[in-house]
Amino acid sequence: MNEAAKPPGAGVRVLSDGQALSQLVWLGVVLGAVGLVGSLALSSGQGAQLYFSWLVAYLYFLSIALGALFFVLCLFVCRAGWAVVFRRVVENVMATLPVFALLFVPIWIGRHELYSWTDAAEVAKNPVLRGKSGYLNESFFLLRAIFYLASWSGLALYFSSQSQKQDQTGEERITRRLSAVAAPGIIVFSLTLTFAAVDWLMSLDPEWYSTMFGVYYFSGSILAAFAFVVVAIAFIHSRGQLRGVVTVEHVHDLGKLLFAFTVFWTYIAFCQYFLIWYGNLPEETSYFMRRSEGSWPAIGKTLMVGHFVIPFFFLMPRAVKRSAPLLVAAALWLLAMHFMDIYWCVMPVHLEHGARFGALDATTVLTVGGFFLAAFGWVSSRRALVPMRDPRLAESLSFENV
Amino acid sequence: MHPEDNVSFEPVVGRAPLILGGHDFHSITEAVAAPMERTPSLGWWIAFACSASLLGLLLLSIAWLFWEGIGIWGLNVPVGWAFDITNFVFWIGIGHAGTLISAILFLFRQKWRTSINRSAEAMTIFAVMCALLFPGIHVGRPWVVYWMAPVPNQMSLWPGFRSPLLWDFFAVSTYGTVSLIFWYVGLIPDLATMRDRSKTRIRKIVYGIFALGWRGSQRHWRHYEMAYLILAGLATPLVLSVHSIVSMDFAVAQLPGWHSTIFPPYFVAGAVFSGFAMVVTLMVITRKGFGLENIVTLLHFDNMAKIMMVTGMIVGYAYAMEFFIAWWSQSPFEQFAFVNRAFGPYWWAYWTMVTCNVLSPQVFWFKQARTSMVVHFIISIFINIGMWFERFTIIVTSLHRDFLPSSWDMYYPTIWEIMTLAGSFGLFFTMFCLFARFLPVVATAEVKGVLPAANPHLGEEGHVAQSWTASPAPEGAV
Amino acid sequence: MSLVVPALPPGETFGLLAEFGSPKELYHGCERVRDAGYKRWDAHSPFPIHGLDHAMGLGRSRLPYVTLFFGLCGAVGGFTLQIWANGIAYPIQVSGKPIFNWQPYMPVTFELGVLLAAISTVVGMLAFNRLPMLFHPLFGTRAFEKVTDDGFFISIEAWDPKFNPIETERFLKQIGATNVELVARDGGRVVEGRGSSEAGASQDAKAR
């Protein structure tokens with residue numbers, strides 16, 4: 001099969017039609033609607049549980065979209081050539097970020113159930129909360145949330161739209177510009193992600209703190225994004241698209257990234273846990289003490305084994321990273337583990353005596369996940385699945401792994 | 001021209017050439033080996049003489065330290081650690097860039113690393129030597145330093161494995177050993193080159209022994225490349241772990257300003273930052289001295305500048321997080337620790353750190369700066385000054401004023417501590433001068449491998465890789 | 001004195017050494033030699049050539065298994081050492097924490113695992129390559145001095161079942177070799193018409 005005679009992307013056009021993903025839109029909308037109705041129905045008398053479950057689902061799917069944004073920014077900053085063939089898929093994941101602005105609304109509505117610092121009486125009694133109230137107050141919280149969501153949406157839409165524009169015009173200038181913008185983009189990303197993690201996740205326990213927390217949420221996000229991209233590519237292949245375009249060589253690299261970031265997540269999570277354990281200061285250990293009752297310790301240990309030991313040894317052999325079913329299995333497993341991680345971060349604030357996975361958790365995941373998938377499908381169906389006229393497409397198509 | 005055109009050497013299609021000047025395989029060998037085979041230049045002798053005198057200063061300081069005891073230093077209660085541990089962390093940090101260049105850039109398939117990795121790895125080994133010096137001499141009873149090793153003894157005592165100081169012992173020893181191994185493995189083909197070029201018998205024998213009889217056999221290269229890949233894969237988590245463990249010397253304590261969960265990755269980023277700065281300092285001089293401008297090119301400096309920016313910004317992020325969380329915690333001790341850093345008696349150290357680490361690398365946003373040797377040399381020295389002061393700030397300001405004001409005191413270094421610090425640079429640069437004299441400063445075998453002519457499929461049509469999922473590509477497709 | 005002595009074919013001749021002009025020619029030459037069914041042969045280059053393993057029909061190195069095994073030994077051994085030394089041999093309680101816990105033992109466990117993995121990798125690599133092997137007949141030839149500079153060679157050893165001094169030489173010339181010479185068992189070229197090799201051809205053969 002001779003590519004040199006054709007311009008890069010010529011035959012690829014046949015294999016990169018995003019229309020194949022338009023079914024996802026309907027599936028996503030249906031799941032989302034079912035989930036929403038279910039959540040509302042089940043939420044009577046369980047208001048707090050609804051919001052906590054929603055927060056888990058929201059932060060979970062948001063982390064996938066944010067990880068995808070970071071991945072795209074990195075690919076541009078590093079002027080990477082190997083990943084161009086599937087970069088559009090990653091762009092489509094990050095292009096769902098505007099939807100998360102809408103999905104944030106229930107968190108705002110439920111803020112009194114979620115965040116104890118919104119309770120003025122509590123704050124008045126507690127000098128620590130009073131001291132922080134210049135930052136931790138509702139209006140500033142809302143303003144910051146709008147800022148984060150606007151920044152992410154802005155970055156995502158800018159990169160997506162410019163990349164799509166390049167499909168039409170083929171301008172090299174676009175690649176250069178995106179590479180230049182990606183660098184400050186990463187700075188904005190890291191600061192907004194950190195403070196979003198502080199605001200939405202760390203402030204659930206407003207007296208607790210950890211300087212590592214933003215990095216912790218980031219490490220889970222990037223891993224989840226890689227895993228989601230692996231699954232997305234497999235799904236797209238099953239729809240007959242991108243075969244021979246995104247090949248085992250590219251996916252092998254995604255497998256290596258999954259392996260590496262499993263280790264990275266473990267490193268970050270362990271450092272945070274270990275330093276708090278060793279210092280044994282009550283204001284810090286409260287985080288783990290809160291997770292020491294009922295089934296929470298078991299979940300913690302499951303995370304250690306399931307989020308580290310198993311994927312570490314499973315993803316080590318080269319053959320696994322080059323095998324479709326095995327790598328997809330690993331990716332799905334990691335996505336499940338990431339959910340457990342977010343659940344472990346959020347839910348103990350509400351369910352102090354042990355985990356109780358209930359119907360509301362399922363319906364909220366269906367809602368947020370459904371709309372996320374619908375958005376992903378919708379964005380994908382409106383553009384080519386490969387950046388057809390990216391200058392580095394030829395390099396990516398002929399990429400061979402070691 | 002659009003401003004964004006001026007951002008990178010990398011063209012938008014294809015890749016920039018890594019080696020300039022029309023080199024072929026033989027001319028690379030000549031360019032790297034020839035300077036070593038001549039009698040050393042005046043420049044080398046001057047560098048060697050200066051470094052050796054500083055080394056002499058170091059030996060003198062250590063001899064006096066062993067004779068008189070730690071009292072000759074300015075340590076007191078509460079400041080039990082100052083220059084000694086600052087220097088230890090400083091030198092270990094510098095070493096990390098070598099491993100990053102060798103291992104991590106290798107795993108990321110960054111071919112440009114081949115021009116600088118040999119010197120960077122050598123730098124790592126010498127930096128680790130300098131680093132290991134400090135825990136060794138600062139213990140007060142250096143004749144029983146072997147107690148750190150888990151050997152059975154007449155007191156039935158075992159090392160305290162729960163202590164970060166002991167983890168340091170294992171981590172830094174492992175790091176030194178693995179770095180040495182990795183550097184040596186990389187050297188084998190180049191030692192064979194030196195062996196085959198030797199004009200004198202003694203050179204032939206010495207290079208020949210260390211080259212282990214290497215003959216470029218593909219059956220050997222196969223295992224060699226696998227070993228290199230594995231070592232790169234091992235060295236990557238190792239370098240992350242070593243400086244994380246070093247950071248835990250502080251982070252496991254309960255001291256405000258020390259006890260911070262972000263310390264491990266923050267220290268690692270800072271280490272890479274200062275290490276790259278030292279690589280830049282060394283390479284600016286070496287490439288000029290040995291005429292290697294076409295092998296270590298402006299592209300390499302451009303990339304190194306970008307890595308310094310990234311790691312510098314991670315360090316800046318960590319400063320911001322620490323500051324923010326100190327406020328967030330509402331702990332008066334935490335808040336005081338940071339206010340004291342910026343406005344207390346050591347404010348000058350703090351602001352030197354911020355200026356050198358956060359502000360000075362910002363000049364690298366401009367391509368003219370990234371491709372100027374003068375700017376690189378100056379900024380890299382600033383960065384290392386800043387990183388030294390960072391460790392000094394963390395250690396001394398947190399110690400000198402902690403929970404109880406009645407325990408507060410000031411720390412002033414003595415001349416012996418300053419001489420030991422200066423002398424450690426003497427050890428480092430002496431070793432580097434000797435390295436440059438006797439061993440190839442560029443990994444010639446690796447550089448040859450990234451020349452376009454090394455590609456066995458040069459000029460042929462591209463391969464098409466097999467499909468990932470089982471079903472074959474449909475008809476008419478690429 | 002070499003620590004490992006090469007295994008050599010019996011008789012006077014070691015084999016044929018053929019020089020090629022570039023990595024590309026060497027690559028294609030190797031494919032032809034592989035396809036012709038030779039088994040006792042090797043390619044030589046100053047740097048590893050991408051894909052040459054495949055062109056020679058060689059499989060992947062088994063080194064990772066060595067690394068994994070010793071890495072795990074190191075990690076398990078390190079952990080056991082710590083548990084035993086600080087928990088059983090001389091139990092010491094530090095900062096009120098339990099005598100047996102795993103958290104503070106992780107750093108040393110990891111380091112010892114990496115240390116043993118790295119050392120075993122290098123020792124394994126040398127063992128698989130049978131290095132150091134300071135003497136080898138190929139070092140006797142002048143041409144081979146270029147192998148660490150810019151020379152690319154294929155050597156076919158005399159004990160390969162398909163080896164024939166005339167036929168194989170013709171085959172090598174046909175696949176693109178620029179310079180083919182017969183190498184004697186104790187180094188040096190085999191000169192036509194004489195049964196013995198020119199051992200004196202390179203007096204420093206022993207020193208290399």
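Here is the naming used below: chain letters follow the sequence lines, and residue numbers restart at 1 for every chain.
At a cut-off of 3.5 Å, with distance as the only test, a side-chain donor of B:Q218 or C:D53 sits close to an acceptor on the other residue.
Taking a 6.0 Å sphere around CZ of B:F108, one finds it holds 12 or fewer heavy atoms contributed by other residues, nucleotides or ligands. More than 12 non-hydrogen atoms from other residues, nucleotides or ligands lie less than 6.0 angstrom from OH of B:Y184.
Only the side chain of B:I245 comes within less than 4.5 Å of a heavy atom of chain C; its backbone N, CA, C and O stay farther away. Interface remark: B:P237 contributes backbone and side-chain atoms alike to the contact with chain C (heavy atom separation under 4.5 Å). Heavy atoms of C:I119 lying under 4.5 Å from chain B belong to its backbone as well as its side chain. With a 4.5 Å cut-off on non-hydrogen atoms, B:L238 touches chain C through its backbone and its side chain both. No part of C:F153 comes within reach of chain B, as not one of its non-hydrogen atoms sits under 4.5 angstrom from that chain. The contact between B:A171 and chain C is made by backbone and side chain atoms together, counting heavy-atom distances below 4.5 Å.
For residues 76-91 of chain C, the interface with chain B (any heavy-atom pair closer than 4.5 Å) comprises C:L81, C:Q82, C:W84, C:A85, C:N86, C:A89, C:Y90, sorted by residue number. Contacts between residues 58-68 of chain C and chain B, counted as heavy-atom pairs separated by less than 4.5 Å, involve C:L58, C:G59, C:R60, C:S61, C:L63, C:P64, C:T67. Along residues 108-117 of chain C, the residues that come nearer than 4.5 angstrom to chain B, judged on non-hydrogen atoms, are C:V108, C:F110, C:E111, C:L112, C:V114, C:L115, C:A117 in order of number.
In terms of heavy-atom pairs under 4.5 angstrom with chain B, the leader among C:P107, C:G124, C:S155 is C:P107. The candidate with the highest count of non-hydrogen atom pairs below 4.5 Å against chain B, out of C:L52, C:V94, C:V147, is C:L52. Between chain C and the residues B:G449, B:S217, B:G233, B:A227, the largest count of heavy-atom pairs under 4.5 Å involves B:S217. When each of C:P104, C:P23, C:P48 is scored by its heavy-atom pairs under 4.5 Å with chain B, the top score falls to C:P48.
In this structure, the side chains of B:R222 and C:N129 stay at 4.5 Å or more apart for every pair of heavy atoms. Proximity of C:H44 to B:R215: side-chain heavy atoms (C-beta onward) are separated by under 4.5 Å at one or more points. Using a 4.5 Å heavy-atom cutoff, the side chains of B:V185 and C:V122 are in contact. The side-chain heavy atoms of C:S45 and B:W221, taken from C-beta on, include a pair separated by under 4.5 Å. Put simply, the side chain of B:N455 does not reach to within 4.5 Å of the side chain of C:H50, judged on heavy atoms. Between C:Y105 and B:W167, every side-chain heavy-atom pair lies at or beyond the 4.5 Å cut-off.
In this structure, B:F25 and C:F47 have tilted ring planes: the angle between them lies in the 30° to 60° band.
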Test side-chain contact (heavy atoms from CB on, under 4.5 Å) on B:R219 and C:M56; report intermediate values, then the result. CA-CA 9 Å; B:R219 289 176 195 265; C:M56 285 179 69; 4.2 Å; yes

With ring-ring contact (aromatic ring centres under 6.0 Å, His included) as the test, would you mind laying out the steps for B:H220 and C:F128 before giving the verdict? CA-CA 8 Å; B:H220 293 183; C:F128 284 179; over 10 Å; no

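Partners of C:F20 according to the ring-ring contact (aromatic ring centres under 6.0 Å, His included) rule, which considers only residues two or more places apart in sequence or in another chain, do not exist here.
For the pair B:T193 (side chain) and C:T148 (backbone), a donor-acceptor distance under 3.5 Å is present. Looking only at distances, a side-chain donor or acceptor of B:K448 sits under 3.5 Å from a matching main-chain atom of C:D149.
Here the shortest heavy-atom pairing between B:A454 and C:I49 reads O-CG2, 4.4 Å. The two atoms that bring C:L134 and B:G213 nearest to each other are CD2-N, 3.4 Å, heavy atoms only.
One distance of note links CG of C:L131 with CD1 of B:I188; it measures 7.0 Å at 0.5 Å rounding. In this structure, CD1 on B:I181 lies 10.0 Å from CE on C:M125, to the nearest 0.5 angstrom.
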